[in-house]
Visitor: 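Below is a structure I'd like to ask you about.
In what follows, every chain begins at residue 1, and chains take the letters A, B, ... in the order their sequences are listed.
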2 protein chains.
Amino acid sequence: MPNDGLVPAVRHRQGEAGPGSRRRFAADEEVYAEGDRAVHFYMVVSGAVRTYRLLSDGRRQIDGFHLPGDIFGLEAGEERRTGADAVTDTTVTAFRRSDRDALTGDAGALAREVVAAMLRALERAQDHMLLLGRKSAKERVASFLLGLSRRAGTGGAIALPMSRTDIADHLGLTIESVSRTLTQLEREGVIALPAHRRAVEVRDGAALRRLDG
Amino acid sequence: MPNDGLVPAVRHRQGEAGPGSRRRFAADEEVYAEGDRAVHFYMVVSGAVRTYRLLSDGRRQIDGFHLPGDIFGLEAGEERRTGADAVTDTTVTAFRRSDRDALTGDAGALAREVVAAMLRALERAQDHMLLLGRKSAKERVASFLLGLSRRAGTGGAIALPMSRTDIADHLGLTIESVSRTLTQLEREGVIALPAHRRAVEVRDGAALRRLDG
DNA sequence: CGGATGGTTGAGGCCGCTCAATATGCGTGG
DNA sequence: CCACGCATATTGAGCGGCCTCAACCATCCG
C-alpha cells in the first residue's frame with residue numbers, strides 16, 4: 001500500500017493520545033497467528049510486517065508486505081484468516097477492532113481512512129492476482145522491485161528487509177528462481193546487487209517497467 | 001462472495017424505491033471497461049458477472065465471478081482498474097458511487113453492507129492468491145468447484161455459466177489444462193460431466209475437499 | 001446437413017521446480 | 001585479526017507439470 005498521503009492523518013492522531021497504542025516486535029516475532037481472535041488492527045510505524053496463509057503441507061503464500069503507514073489486520077469475521085510476523089524489528093500502532101466497528105458509523109476521519117485502506121488493499125490484491133496468475137518469473141520479480149521502489153520512494157537504492165524465502169513465498173516462486181532471476185537482471189544491467197544482498201539498486205528503471213507488462 | 005445473509009437487507013431495500021436502479025445485460029456484454037470513470041457500483045440480481053484485468057499482450061486474469069447477491073465494482077479511485085462483463089444474461093442493481101461516499105458517514109445499513117462486502121472481497125482475494133501462488137492445477141480446479149458449489153448451494157449439481165476460457169483465466173491456467181483436469185477428476189470418480197458441459201456433478205465431495213489442501 | 005463455436009485429446013517443449021553442491025556474509029571466540 | 005560455524009544466498013544438473021501447437025470431437029443452430 002503506498003504511503004500516499006491518506007494515512008498521515010491517522011498517524012498524526014495517534015501521536016496525541018488517540019485510540020492507538022504502540023507495540024514493538026523483534027525480527028520474525030509473531031504479531032498474530034492464523035486462528036487467533038481478531039481483537040486489533042494495526043498500522044506500521046517502522047519496520048515491516050508480512051501477512052501470509054499456509055497450506056496444511058507447509059506451502060506458504062505471503063499476501064503482502066506492510067511498510068510504514070500501511071494498515072493491516074482487518075478481518076471480516078472474528079478469527080484471523082492470515083498470520084502476521086515482523087520481518088525486521090518493527091513498531092506498530094494497535095487499534096481495537098471495536099473502534100473500527102464503532103467508527104464506521106460516524107463521520108470520523110479514522111472510518112474514512114480504514115475504508116480507503118480496504119479499497120487500496122483490494123486494488124493491491126487485484127494487481128497481485130494478475131501477477132500470480134499470468135506473469136513469468138522475470139515479470140514477477142520486476143513488478144515486485146518496482147512496487148517496492150515506488151513505496152519506499154528512496155529512488156535508485158531499494159532496501160530489501162525480507163529474505164529470499166519471503167520474496168519467493170510472495171511471488172509464488174522458489175528461492176532459487178528468485179535468486180536466478182535477480183542475477184539475470186544484474187547480468188542484463190537492469191539492477192545492481194550490493195554485496196550484503198539485502199538491497200537492490202535500480203540501474204534501468206525503464207527496462208523494469210517494460211518487464212512489468 | 002457467498003450469499004451469506006448480509007446482502008438481502010440491501011436487496012430488499014432496492015425493491016422499495018431505494019437508491020438502486022436495475023440494469024440488464026446480455027451474455028458477454030460489457031458492464032464497464034478498464035479506464036472508465038467509476039460512477040456506479042453494483043449488486044448482481046440474477047446471472048453472473050466476471051471482473052478481470054488485462055496485460056498489454058492480452059493475457060487476462062479474472063479476479064472473480066460475481067453471483068446473485070454479490071457486490072462488485074467498488075473502486076478506491078475515480079477510474080476503473082478492472083473490466084466487468086456479463087457472463088450470461090444478467091440483471092444488476094446499480095448504486096451511485098456518491099451514495100457509498102455519502103453513506104459511509106452515516107449509520108445506514110448500506111454502509112455496513114458495503115464495508116462487509118469489501119472485507120469479504122478481501123478474504124476471497126487472499127484465498128485466491130494462495131490458490132494462484134501455491135496450488136497445483138488439480139488443486140485449483142478442486143478449489144474452484146468447491147467454492148462454486150458452496151456459493152450456489154444447489155448440492156451435487158453445479159451450474160458452470162462461464163466458459164473454459166473464463167475458468168482458465170480465473171485459475172491462472174490454460175483451457176487445455178482445465179479440460180484435462182476435469183476429465184482426470186471424472187476418470188477418478190470425483191465428479192461427473194454431463195454431456196452439455198456447462199455443469200458438474202460432485203460425486204465425491206470429500207475427495208474434492210482433500211485436494212483443496 | 002453443414003458450418004461455427006466451444007471443448008477435448010495428443011505430442012512435444014520449456015519454464016520453473018527439485019535436489020544437491022558451493023559460496024558468501026556475519027557473528028563468535030580464540 | 002583470523003578461524004570457525006551457521007544461516008542465507010547462489011549456482012548447477014536434471015526433471016516434470018503445465019503450456020504450446022495441432023488435430024479431433026460434440027453440440028448447437030441455421
Visitor: Contact between B:M118 and B:V114 at the side-chain level, heavy atoms closer than 4.5 Å - yes or no?
Guide: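 Side-chain contact under 4.5 Å: yes.
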Visitor: Classify the ring geometry between A:H170 and A:F144 as parallel (under 30°), tilted (30 to 60°) or perpendicular (over 60°).
Guide: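 Because their plane-to-plane angle is over 60°, the rings of A:H170 and A:F144 count as perpendicular.
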Visitor: Given side chains that start at C-beta, do those of A:T90 and A:V31 come closer than 4.5 Å, heavy atoms only?
Guide: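 Contact flag for A:T90/A:V31 side chains = no.
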Visitor: With a cut-off of 6.0 Å (strictly less than), are more than 12 heavy atoms of other residues, nucleotides or ligands near CZ of A:R198?
Guide: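 Result for CZ/A:R198: enclosed.
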Visitor: Find every protein N or O atom lying less than 3.5 Å from an N or O atom of nucleotides 1-6 of chain C, and list the pairs.
Guide:
none

Visitor: Let me know the distance between CD of A:E186 and C1' of D:dT10, rounded to the nearest Å.
Guide: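 In whole Å, D:dT10 C1' lies 11 Å from A:E186 CD.
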Visitor: Round to a whole Å and report the spacing from CZ of B:R197 to P of D:dC24.
Guide: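 So the CZ-P distance, B:R197 to D:dC24, works out to 20 Å.
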Visitor: Take nucleotides 13-20 of chain D nucleotide by nucleotide from the 5' end and write B, S or -, depending on whether a protein heavy atom sits under 4.0 Å from the base, only from the sugar-phosphate, or from neither.
Guide: B----SSB
Visitor: Return the value, rounded to whole Å, for the distance between atom CD1 of A:I175 and atom C1' of C:dC19.
Guide: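 About 12 Å, once rounded to whole Å.
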Visitor: Should B:R60 and B:D166 count as an ion pair when the cut-off is N to O under 4.0 Å?
Guide: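 Judged by the 4.0 Å cut-off on N to carboxylate O distance, B:R60 and B:D166 do form a salt bridge.
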Visitor: Provide, to the nearest angstrom, the distance between the CG atom belonging to A:L182 and the P atom belonging to C:dG16.
Guide: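 Between P of C:dG16 and CG of A:L182: 14 Å.
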Visitor: So does A:R81 pair up with A:E79, basic N to acidic O under 4.0 Å?
Guide: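 Salt bridge between A:R81 and A:E79, a charged N being under 4.0 Å from a carboxylate O: no.
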Visitor: Please report, rounded to the nearest Å, how far the P atom of C:dG25 is from the CG atom of A:L160.
Guide: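 Roughly 16 Å, once rounded to whole Å.
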Visitor: With the threshold set at 4.0 Å, does a side-chain nitrogen-carboxylate oxygen contact exist between A:R53 and A:D169?
Guide: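 A:D169 and A:R53: not salt-bridged.
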Visitor: Over how many whole Å does the gap from A:Q184 atom CD to D:dT10 atom C1' extend?
Guide: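 Rounded to the whole Å, the gap is 14 Å.
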Visitor: Going by an N to O cut-off under 4.0 Å, is there a salt bridge joining B:R203 and B:E186?
Guide: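 Here B:R203 does not pair with B:E186 in a salt bridge, since their nearest N and O are not under 4.0 Å apart.
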Visitor: Nearest to the side chain of B:L193 - D:dC28, C:dT9, C:dT8?
Guide: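 The answer is C:dT8.
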